[in-house]
Amino acid sequence: MNENWKEIQVGDIVMLDEIEGFEKNNLVYAPALDNRASCVSLIKTAEILKKLKHQFDVYFIFSTQEEIGGPGAPTAAYFSDLDYAFVIDVTHGDETIPGFRKIEINKGPVVAVGPVVDKEFNEKVQNVSSQYNIKIQYEPIPRRSGTDTDAVQLVKTGIKTQLISIPLKYMHTPYEKVHVNDVENTAKLMAFTISELEVQ
């Protein structure tokens, strides 16, 4: 461990040690919230579903290696024989990027719209958000999403898939930032959508 920062030069490989997350004003700052925040939203979805009636068996899949090709998610989707799939990830929040719609932290989960998501499932999610007064934001995905959605929606004869992202600032840094409300509302949106789906 080097405490003398003057010895560190541009281009040196460094690793920050003993980073501890913290919460302030319902904002959580911590390393690896991509994708820990999504894992929390799945756990909260399960807690909400225990109190709701629904017609489906629900599988909660925590896959790894999404950043390097993500073999886990499509494999799990294949063996689970899914009818519908939510893919939960994060997206850049509170960033101004030329040519892209600005997504804001604490303004709700981000619903992807584009060719990698199922149109009817997408409309159902939007209707549920309106019905249950859950604020959502939209993110256009014109081609690939760069998430597990791209592979999961192609499994077998196709799975009706919806990507929902949690707004996050400072992605892939030691102190990523998310708002508690966005994580909780992501869970509510999933749980209420599942409760409104009907077996066909």
Side-chain angles (χ1 to χ4, degrees), residues 21 23 26-93 103 105-112 116-118 121-122 124-126 128-129 132 134-137 139 141 145-153 155 159-168 171-172 176-197:
E23 181 180 344
N26 283 331
L27 289 164
V28 177
Y29 299 81
L33 289 177
D34 171 19
N35 222 4
R36 290 176 178 174
S38 303
C39 294
V40 172
S41 72
L42 289 176
I43 294 167
K44 287 187 169 291
T45 300
E47 291 173 351
I48 297 170
L49 279 176
K50 288 170 74 174
K51 303 172 186 176
L52 299 176
K53 291 183 179 179
H54 54 89
Q55 299 181 26
F56 288 85
D57 293 327
V58 182
Y59 299 88
F60 293 89
I61 299 167
F62 298 80
S63 63
T64 61
Q65 300 180 328
E66 177 263 342
E67 300 282 1
I68 55 171
T75 302
Y78 183 92
F79 285 107
S80 301
D81 200 22
L82 304 179
D83 297 301
Y84 295 89
F86 279 113
V87 174
I88 311 303
D89 210 305
V90 298
T91 192
H92 294 282
I103 292 164
I105 289 176
N106 196 25
K107 291 294 179 71
V110 183
V111 175
V116 295
V117 301
D118 182 80
F121 192 20
N122 181 269
K124 185 69 174 180
V125 170
Q126 292 185 47
V128 167
S129 74
Y132 288 90
I134 301 171
K135 288 184 180 179
I136 60 173
Q137 304 176 77
E139 184 171 31
I141 308 291
S145 70
T147 71
D148 286 327
T149 309
D150 302 332
V152 169
Q153 52 110 14
V155 168
I159 296 173
K160 296 177 181 179
T161 304
Q162 175 64 60
L163 169 63
I164 300 178
S165 300
I166 298 167
L168 175 145
M171 191 181 296
H172 300 164
E176 298 180 324
K177 167 185 164 184
V178 298
H179 200 286
V180 169
N181 290 346
D182 291 330
V183 176
E184 292 180 345
N185 285 326
T186 298
K188 289 177 184 177
L189 184 59
M190 278 191 287
F192 293 143
T193 300
I194 292 167
S195 72
E196 294 289 335
L197 288 172

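Only a predicted model underlies this, so the values are computations on that prediction, with no experimental measurement involved. The figures here come from the full heavy-atom set of this structure, side chains too, leaving out hydrogens, waters and symmetry mates.
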Study note, to complete from the structure: Value for CG (Leu189) from NZ (Lys135), rounded to nearest 0.5 Å, stands at 14.5 Å

Revision key, fill the gap. The reported gap from OG1 in Thr147 to CG in Asn35 (rounded to nearest 0.5 angstrom) is 9.5 Å

Exercise for review: Return yes if some donor-acceptor pair links the side-chain N/O of Asn26 with the main-chain N/O of His179 below 3.5 Å, else return no.
Suggested key: no

Point to revise | Test item: Thr161 and Val116 side chains (from C-beta on) under 4.5 Å apart, heavy atoms | key: no

**Study point:** Full working for side-chain contact (heavy atoms from CB on, under 4.5 Å) between Leu168 and Lys177
**Key:** CA-CA 6 Å; Leu168 175 145; Lys177 167 185 164 184; 6.0 Å; no

Review point. Got a second to check how far Asp34's CG is from Ile166's CD1, nearest 0.5 Å?
Key: 9.5 Å

Point to revise | NZ-OG distance between Lys188 and Ser129, expressed to the nearest 0.5 angstrom | key: 13.5 Å

Review point. How about Val180 and Glu23: do any of their side-chain heavy atoms sit closer than 4.5 Å?
Key: yes

**Study point:** Sidechain-backbone polar pair: Asp182 side chain, Gly108 backbone, donor-acceptor under 3.5 Å
**Key:** yes

**Study point:** Minimum side-chain heavy-atom gap Leu27-Ile105 below 4.5 Å
**Key:** yes

Exercise for review: Determine the minimum heavy-atom distance between Gln137 and Pro167, stating which atoms define it.
Suggested key: NE2-CG, 3.8 Å

Review point. How many angstroms lie between atom OG1 of Thr186 and atom CD1 of Ile164, to the nearest 0.5 angstrom?
Key: 6.5 Å

Do any side-chain atoms of residues 47-65 form donor-acceptor pairs under 3.5 angstrom with protein atoms, and if so which ones, sequence neighbours left out?
| unit_1 | atom_1 | unit_2 | atom_2 | d |
| --- | --- | --- | --- | --- |
| His54 | ND1 | Phe56 | O | 2.9 |
| Gln55 | OE1 | Val199 | N | 3.1 |
| Ser63 | OG | Asp148 | OD2 | 3.4 |

Review point. Heavy-atom distance under 4.5 Å between the side chains of Leu33 and Val90, does that happen here?
Key: no

Review item, side-chain donor-acceptor pairs of residues 81-89, under 3.5 Å, at least two apart:
| unit_1 | atom_1 | unit_2 | atom_2 | d |
| --- | --- | --- | --- | --- |
| Asp81 | OD1 | Lys156 | NZ | 3.3 |

Exercise for review: Using the side-chain contact (heavy atoms from CB on, under 4.5 Å) rule, take Val183 and Ser41 through it: C-alpha gap first, then chi angles, then the decisive distance, then the call.
Suggested key: CA-CA 5 Å; Val183 176; Ser41 72; 4.1 Å; yes

**Study point:** Distance-minimising heavy-atom pair for Val155 and Pro74
**Key:** CG2-O, 3.7 Å

Exercise for review: Walk me through it: do Lys124 and Thr193 pass the test side-chain contact (heavy atoms from CB on, under 4.5 Å)?
Suggested key: CA-CA 7 Å; Lys124 185 69 174 180; Thr193 300; 4.3 Å; yes

Review point. Taking side chain as C-beta onward, heavy atoms only, is Glu139 less than 4.5 Å from Ile103?
Key: yes

Review point. Is any side-chain heavy atom of Asn122 closer than 4.5 Å to a side-chain heavy atom of Val111?
Key: yes

Point to revise | Met190 vs Leu42 side-chain heavy atoms within contact, under 4.5 Å | key: yes

Exercise for review: Please round to the nearest 0.5 Å and tell me the distance separating atom NZ of Lys160 and atom CG of Asp118.
Suggested key: 6.0 Å

